[in-house]
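For reference, the structure is listed below as structure tokens.
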2 protein chains.
Amino acid sequence: MSKSTSKPITLKEVAEAAGVSVSTASRALSGKAEAYRISRATEQSVQAAAKRLQFSPSLLAKSLRSQRTKLLGVVLPNVANPFFAAIAREITLAAEENEFSVLLADSQENSETEVHLVEQLQARQIEGLVVCPVGIAHQHLSKLAKQNLPLVLVDRGFDHKDLVTVTSNHRDGAREATTLLLESGHQKIGVLQGLPDTLPNTERLVGVRDAFAEHDVPFDPTLIAGNHFDEASGYQAAYKLLSDHPEITALFAFSNQNALGALRAAAELGRTVPEDLSLIAFDDHPFAAYLAAPMTSVCQDVTQLGRLAARLLIEQIKTGQPPQQKQHQIPVQLINRSSIKNIE
Amino acid sequence: MSKSTSKPITLKEVAEAAGVSVSTASRALSGKAEAYRISRATEQSVQAAAKRLQFSPSLLAKSLRSQRTKLLGVVLPNVANPFFAAIAREITLAAEENEFSVLLADSQENSETEVHLVEQLQARQIEGLVVCPVGIAHQHLSKLAKQNLPLVLVDRGFDHKDLVTVTSNHRDGAREATTLLLESGHQKIGVLQGLPDTLPNTERLVGVRDAFAEHDVPFDPTLIAGNHFDEASGYQAAYKLLSDHPEITALFAFSNQNALGALRAAAELGRTVPEDLSLIAFDDHPFAAYLAAPMTSVCQDVTQLGRLAARLLIEQIKTGQPPQQKQHQIPVQLINRSSIKNIE
DNA sequence: GTGAAAGCGCTAACAA
DNA sequence: TTGTTAGCGCTTTCAC
């Protein structure tokens, strides 16, 4: 056994070992032997040398030379959130299938961080980017698109018709959820909203109002509370709403984290679901069916969301063209369990 | 407004715009102006040109030149699994703090894929690697460590004393859980295990046996079932165990996914938790407290796991030395809720 | 059939 | 105080 070296083997060393020039070695190893009419013998001796030395070409050098990095960027507001994690996974799997690698970044729900991370990814010459934007601002993203960097936005989009975007059909989902509540006799419905002014949130709000309008029930905007998609916001909003407006009979949580907070607030206020309080949530959850009150929810198809985003991205990269259709909506599914009490 | 170019600006163009050589430009932009005694005027004109042209240096070229990529690799069996996602997040945040980027890969619980992904990451010249190994095999990993690539294993380790490893204290956790069951009067305890021959699984099994031995209760190995950490395995194992051995009064699930499966099987077999069946699970869960039977569980501190792994990795990179202590265990916490019935 | 040489964008030794 | 040059590891003209 010889002592193992630490430095990676270079093409030059392989070439020397095989007694040929670097160019020949390069050609023999990148399947271009035929094209260059390299003799079977040389080809094999190069391959043998490469194998023997455990040669693995530097993708860094390859990338610099070819200006193709085979790198994809993914920027998410919170990697640990199962919803985003699922998206990350779909992109990652698609990348692996297509021999791309994925650079992952976490913007921590902070727009400035997002801008910075995107710049860094660009400096690494990613060939494509998927981002679940924090929200509001999008100049840094439309700039990228203008530079012809394949870009796909997921979940939170913008009112910007040129950006390729994949979202759930938030409006329909919210409308259906609200309709179910209304048709179960609830009129005083508290809304636990997420991050205001983001597309999912505003769309869901529209869906809620649509449903009220369709049922000729006046909607009371003071029954909206909350400012984030997290547990804390759900808890605080539910607590406040339930305390200030005891007439509320049902809560519509805009995320499963919000719902979790609502459950905690309800427990503290001594209101049992569904007897004393009905609840419906956006986003399903594996444990939803086994809760004390199996939770009725609007299920987003995250896998489809991620998969479509990945497909749109890869296609853009391969064809060099943005897709014809920019805006994509994935349907949402209402899962009726038993957290809503009929009070008609 | 001039037409926007698509190609990134290079240092050369900045240098030309500022009327200096590339080297001067390089020095002026990498804070080495002082060291090289570059005049204030030149420095500023270079910086101005860079800003005006929106220059962003190619990290690719930088890396190739410096042989430092500022890249970390993370390989996980399943990115969408919240447990691993949490680890990914901690690494990502630590990376961002230290100006590293993260290459994420998903091995899909497949050892061969893992090997391949690790090779690919190595070809990209990552400076450090965190992996949650699929299991069993580890030659490809110990090889890396021998090549002095900073490497940290998380969650599933090996019986290999030279690899830096961070895991929960699986054995203590399992012992405590089993003790609780035993001291609540349960003797016929079904074990829903995860992937056999992985360190967490075998350690937990040891913990279970320890507890039985300490309480002088004979342990019946035929009451172990299951072969994965997922819902399906939990369901099948629970179904089989409960059908074949109706005398079982309690189930110990080795993951929250296994517990979920157990809940489903129990429901189908008409056994209610905790009245007809006690249940305890490894891994806590946000919704655990709100289940029909609030679930008693052994909570792993994933955040700490990830954070420690990140710290160990970064330190290795910075110092160039592997840590003194290789094996690290994070304590586990028993959270007593109400899925266990006292039958003494 | 194969080799020499240029160059991807950058930094650093060496000159001046 | 600044410029020239070499070279990181690879691919690809162009030459023979």
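Below, chain A is the first sequence line, B the second, and so on; all start at residue 1.
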Subject >> Distance, rounded to the nearest Å, where A:L64 contributes CG and C:dA6 contributes P >> reply: 17 Å
Original post:
Could you state the CG-P distance from A:L60 to C:dG9, rounded to the nearest angstrom?
Top reply: 14 Å
Subject >> Any donor-acceptor N/O pair, A:E90 side chain to A:I87 backbone, under 3.5 Å >> reply: no
Subject >> salt_bridge(B:E97, B:R311) N-O dist < 4.0 Å >> reply: no
Original post:
Could you give the CD-to-C1' distance, from B:E13 to C:dG9, as a whole number of Å?
Top reply: 11 Å
Subject >> Contacting residues from residues 28-47 of chain A, given that a heavy atom lies under 4.0 angstrom of DNA chain D >> reply: A:K32, A:Y36
Subject >> Spacing of B:R65 atom CZ relative to D:dC8 atom P, expressed in whole Å >> reply: 8 Å
**OP:** Please check the phosphate of C:dT11 (OP1 and OP2 only) for any side-chain N or O of B:K62 closer than 4.0 Å.
**Re:** yes
Subject >> Nearest-Å distance for atom pair CZ/C1', residues B:R68 and C:dA12 >> reply: 17 Å
Original post:
Counting only non-hydrogen atoms, which of residues 17-26 of chain B are less than 4.0 Å from DNA chain C?
Top reply: B:S23, B:S26
Subject >> Between P of D:dC8 and CG of A:L11, the distance in whole Å >> reply: 13 Å
Subject >> No-H, no-angle donor-acceptor pair, A:R27 side chain to C:dG1 base, under 3.5 Å >> reply: no
**OP:** Please determine, by modelled atom types, if A:Q125 and B:S58 share a side-chain donor-acceptor pair under 3.5 angstrom.
**Re:** yes
Original post:
What's the CD-P distance between B:Q67 and C:dG9, to the nearest Å?
Top reply: 18 Å
**OP:** Step through the shown structure and confirm whether more than 12 heavy atoms of other residues, nucleotides or ligands are within 6.0 Å of CD on A:E112.
**Re:** no
**OP:** Give a yes or no on whether a salt bridge exists between A:K318 and A:E315, defined as a side-chain N under 4.0 angstrom from a carboxylate O.
**Re:** no
Original post:
Can A:E114 and A:H140 be counted as having a side-chain donor-acceptor contact under 3.5 angstrom?
Top reply: yes
**OP:** Using only heavy-atom distances, determine whether the side chains of A:T24 and A:S21 contain a donor-acceptor pair under 3.5 Å.
**Re:** yes
**OP:** State, without any angle test, whether A:T42 and A:S39 hold a side-chain donor-acceptor pair at a distance under 3.5 Å.
**Re:** yes
**OP:** State whether A:R89 and B:D106 are salt-bridged, where the test is any N-O pair (Lys NZ or Arg NE/NH1/NH2 against Asp/Glu carboxylate O) under 4.0 Å.
**Re:** yes
**OP:** Could you tell me whether B:R68 and B:E127 have a side-chain N and a carboxylate O separated by less than 4.0 Å?
**Re:** yes
**OP:** Could you check which residues of residues 49-59 of chain B get a heavy atom under 4.0 Å from DNA chain C? Sort them by number, please.
**Re:** B:F55, B:P57, B:S58
Original post:
Is a side-chain donor-acceptor pair under 3.5 Å present for B:Q120 with A:S101?
Top reply: yes
**OP:** Would you mind reading off the distance between A:E16 atom CD and C:dG3 atom P, rounded to a whole angstrom?
**Re:** 12 Å
